[in-house]
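What follows is a single structure, written as structure tokens, with notes after it.
The structure displayed is predicted, hence computed values, not measured ones.
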Protein chains: 2
Amino acid sequence: MIKSTIRDVARMAQVSISTVSRVMNTPDSVAESKRNRVLEAIEKLQYQPNSFARGLIYKKSFTLGLLIPDIENFYYTGIIRGMQDACIKFGYSLMICNTDRDKDRLLSYIDTFHEKQVDGIVFASDVLYPEYYEKLVRTKIPVVLLSTHSDEYDIPCVEIDDEAAAYDAVKFLIELGHREIGMIGFNHDNSISGPPRYEGFARALTEAGLERNVGKIRFATHRFEHAYDAAHELFTDYPELTAVFCVADEFAMGVISYLKDRNVLVPGQVSVVGFDNLRMANMFIPKLTTIAQPIYELGYRAAEKLHELATTGNVSVLRERMAHKLIVRESSREK
Amino acid sequence: MIKSTIRDVARMAQVSISTVSRVMNTPDSVAESKRNRVLEAIEKLQYQPNSFARGLIYKKSFTLGLLIPDIENFYYTGIIRGMQDACIKFGYSLMICNTDRDKDRLLSYIDTFHEKQVDGIVFASDVLYPEYYEKLVRTKIPVVLLSTHSDEYDIPCVEIDDEAAAYDAVKFLIELGHREIGMIGFNHDNSISGPPRYEGFARALTEAGLERNVGKIRFATHRFEHAYDAAHELFTDYPELTAVFCVADEFAMGVISYLKDRNVLVPGQVSVVGFDNLRMANMFIPKLTTIAQPIYELGYRAAEKLHELATTGNVSVLRERMAHKLIVRESSREK
DNA sequence: CTGAAAGCGCTAACAC
DNA sequence: GTGTTAGCGCTTTCAG
């Protein structure tokens, strides 16, 4: 009933434990006859080397940790798929920790990572507060930031160009002929992409001589319902709006849902552009026009970068940017 | 730069390593003055006991494994949240493995679990094929099935009553006055909930003298797009339908999307009932009438059960059923 | 090519 | 109360 050990295998194959170890690690250094006997014993005993013992020696756990703020968000779910594939490529396991945007939980997951000695951590949890940074540094575990970055610390990161992406979205709306454009954004104080996306919005507007719109913005906090409420505020204050740029697909859905409840047609009367291109963007009615992030690739790349960092001690490019792309579907129309 | 060990702490605190070990495990058995010195050293060195060494001794990893088929599905995402909370309660870490419905990947994740010696596995990956079962058994790791069960093997499971849930959904449609009712289901051969949900559908129909409908069914495989296509087939063959029961919210969205493209009003002309009550059900337009599964609780309960199994060696109830509930929203209407 | 033995960091008897 | 020591299962010199 007990897990078999290298000793059991050695005994059954009539060899020493070193020989067994060798067939597991450098099979060519063992005479064929013995090797076969060992292999047979391994098969018969369903032997699996004990990863604790190995970890003790190698000082590596062959697992990576991932910190995300909200697993019930297709954005992070796509990240996970990318990371998991990269992990398989490199032979890592992945330990996914969902903080639910709870600070204490995040901190305690870092402890877990430290204790379990993960070989690296991908931090995809928005702003890297000093408190998080300090704790992360003290563990001495390599860290890569995903869809976030730090101005103060030199931590490798992979992300998109939020300012440019937002600019593209708003410019598209302008080219469609819209003149009264609003925005549903992320709060500037506890999100990393909030400010740059706002700046992209403002720049596109300004370049087109539409500065009067730059204040037509309301903020929401991640969820559909908040965006619904924010849309209500936005349209109450600015009923003239014919288009709104949303910094998340979920916000776009909230806005469209609000408009629908007010019998305003999308895209008939109001155009809505989202951000992320989640799987849902294509399922919603109407299908969302949106800025596509290379979500899967972002996750994949973060793991690659972390592997590079954990293996070589540093990375070739510190801050990496991946390309975004506007996807035109049904929620936008010419004015 | 190297992680500090129990020896470093002992040296700094001028005590033996056993004393350090004691303050970590049975603090009361150490004199206060020494204890304080040790605590201080621990803090100063940022000491974290090495979990490999501990695992070697305890033969426990304090982590649970979870096998899911599709992380880009809010169903599993909700399961994860429940499990993660339960894991925190019991002091486990959670290792989430997404198989993407790939057999080889699933098998190789079982190897990983074996090697990492997780203390238990929750298998939420639909049908438990003999091949999976064999492999799982050989690892000797405790297993709990989630939203699936096995007729052949006595493995603990937690799930809902699929037949009854489907029955409730269809009965609701009938009570609304619908007489021509179709269904979008899961294939019967590679899904565990496919058959019982179909049976619930058929029973409700039969009890109401509507046997003529029992064949009005098409199958889809998990995704929105498939359901869209299946809806096309269903309505082409049975244009008389005024209601359709879908065994997943995502299917309901696919159906509604199809209907929308054909200018058929939901719920105006056709009522649609979903299944699961995902977070999205409430965001879609129209909001979905659906059978709510206690998703979070299912995940939470599975972890509790697994803990019970791993700790005591068996479970008090082998097959556990949790309650479902019909939630009426906007996608259904009286005929 | 193969075996003996040291040691990774920690816990748990066992002495004192 | 506290220190010494024997392992947990494995890899890796080091001899032979």
Side-chain angles (χ1 to χ4, degrees), chain A residues 1-39 41-42 45-62 91 111 114-119 139-141, chain B residues 1-39 41-42 45-62 91 111 114-119 139-141:
Chain A
M1 199 51 200
I2 264 329
K3 201 168 186 293
S4 26
T5 76
I6 199 172
R7 285 210 157 63
D8 301 322
V9 177
R11 196 173 309 127
M12 177 175 285
Q14 309 261 47
V15 297
S16 76
I17 61 167
S18 345
T19 300
V20 177
S21 177
R22 284 190 194 97
V23 344
M24 305 247 43
N25 300 298
T26 51
D28 291 340
S29 69
V30 175
E32 191 174 345
S33 68
K34 292 203 177 185
R35 185 171 57 220
N36 288 144
R37 257 155 53 204
V38 170
L39 256 15
I42 286 177
L45 293 169
Q46 285 290 314
Y47 171 69
Q48 270 278 357
N50 183 319
S51 66
F52 296 134
R54 289 186 115 144
L56 210 43
I57 294 166
Y58 293 136
K59 295 177 192 326
K60 284 196 60 177
S61 60
F62 299 98
D111 278 334
H114 189 187
E115 184 194 317
K116 298 266 202 258
Q117 312 206 52
V118 298
D119 301 330
T139 67
K140 295 168 185 156
I141 299 173
Chain B
M1 200 52 198
I2 265 326
K3 202 168 185 294
S4 29
T5 74
I6 200 172
R7 285 208 158 64
D8 301 322
V9 178
R11 196 173 310 128
M12 177 175 285
Q14 310 260 47
V15 297
S16 75
I17 59 167
S18 353
T19 300
V20 177
S21 176
R22 283 191 195 99
V23 343
M24 304 248 42
N25 300 297
T26 51
D28 290 341
S29 68
V30 175
E32 191 173 347
S33 69
K34 293 205 177 185
R35 185 171 59 219
N36 288 144
R37 259 155 52 206
V38 170
L39 256 15
I42 287 177
L45 294 168
Q46 284 292 313
Y47 170 69
Q48 268 279 358
N50 183 317
S51 67
F52 297 134
R54 290 185 114 146
L56 212 43
I57 294 164
Y58 293 136
K59 296 178 190 329
K60 284 197 59 176
S61 60
F62 299 99
D111 277 335
H114 190 185
E115 185 194 318
K116 298 266 202 258
Q117 313 206 54
V118 299
D119 301 330
T139 66
K140 294 166 186 158
I141 299 173

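Listed candidates were dC10(C), dT2(C), dG3(D). Nearest to the side chain of Asn50(B) is dC10(C). The side chain of Ile6(A) sits closest to dC10(D) out of dC10(D), dC10(C), dT2(C).
Between Arg54(B) and dT11(C) there is a side-chain polar atom (N or O) within less than 4.0 angstrom of OP1 or OP2. The phosphate of dG3(C) (OP1 or OP2) has a side-chain N or O of Lys34(A) nearer than 4.0 angstrom. OP1 or OP2 of dG3(C) lies within a sub-4.0 Å distance of a side-chain N or O belonging to Ser16(A). Contact check, Ser21(A) against dT11(D): a side-chain N or O comes under 4.0 Å of OP1 or OP2. The phosphate of dC10(D) (OP1 or OP2) has a side-chain N or O of Tyr47(A) nearer than 4.0 angstrom. At dT11(C), one or more side-chain N or O atoms of Asn25(B) fall inside 4.0 Å of OP1 or OP2 (strictly under the cut-off). Contact between the side-chain N/O atoms of Lys59(B) and the OP1/OP2 oxygens of dG9(D) is found at a separation under 4.0 Å.
Between the C1' atom of dC8(D) and the OH atom of Tyr58(B) lies a distance of 12 Å, rounded to the nearest Å. Nucleotide dC8(C) holds its P atom 12 Å from the CG atom of Asp8(B), rounded to whole Å. Atoms CD1 (Ile17(B)) and P (dT5(D)) sit 11 Å apart, rounded to a whole Å.
Using a 4.5 Å heavy-atom threshold, the side chains of Arg35(B) and Pro27(B) count as touching. The closest side-chain heavy-atom distance from Ile6(B) to Tyr47(B) is below 4.5 Å. Within the 4.5 Å cutoff, side-chain heavy atoms of Val38(A) are placed close to those of Val15(A). At a threshold of 4.5 Å between non-hydrogen side-chain atoms, the residues Lys140(A) and Lys3(B) do not count as touching. Residues Ile42(B) and Met24(B) meet the side-chain proximity criterion, which asks for heavy atoms closer than 4.5 Å.
Nearer the 5' end of DNA chain D, as judged by each residue's closest nucleotide, is the contact made by Ser33(B), out of Leu56(A) and Ser33(B). Summary of the strand contacts: Thr5(A) and Glu32(B) both lie near DNA chain D, and taking for each the nucleotide with the nearest heavy atom, the more 5' one is attributed to Glu32(B).
If you check distances only, the side chain of Arg22(B) does reach the base of dG3(D) with a donor-acceptor pair under 3.5 Å. Judged by distance alone, with hydrogens and angles left aside, Ser18(A) brings a side-chain donor or acceptor within reach of the base of dA4(C), the pair sitting under 3.5 Å.
Residue Val20(A) is out of contact with every strand shown, counting any heavy-atom pair closer than 4.0 Å.
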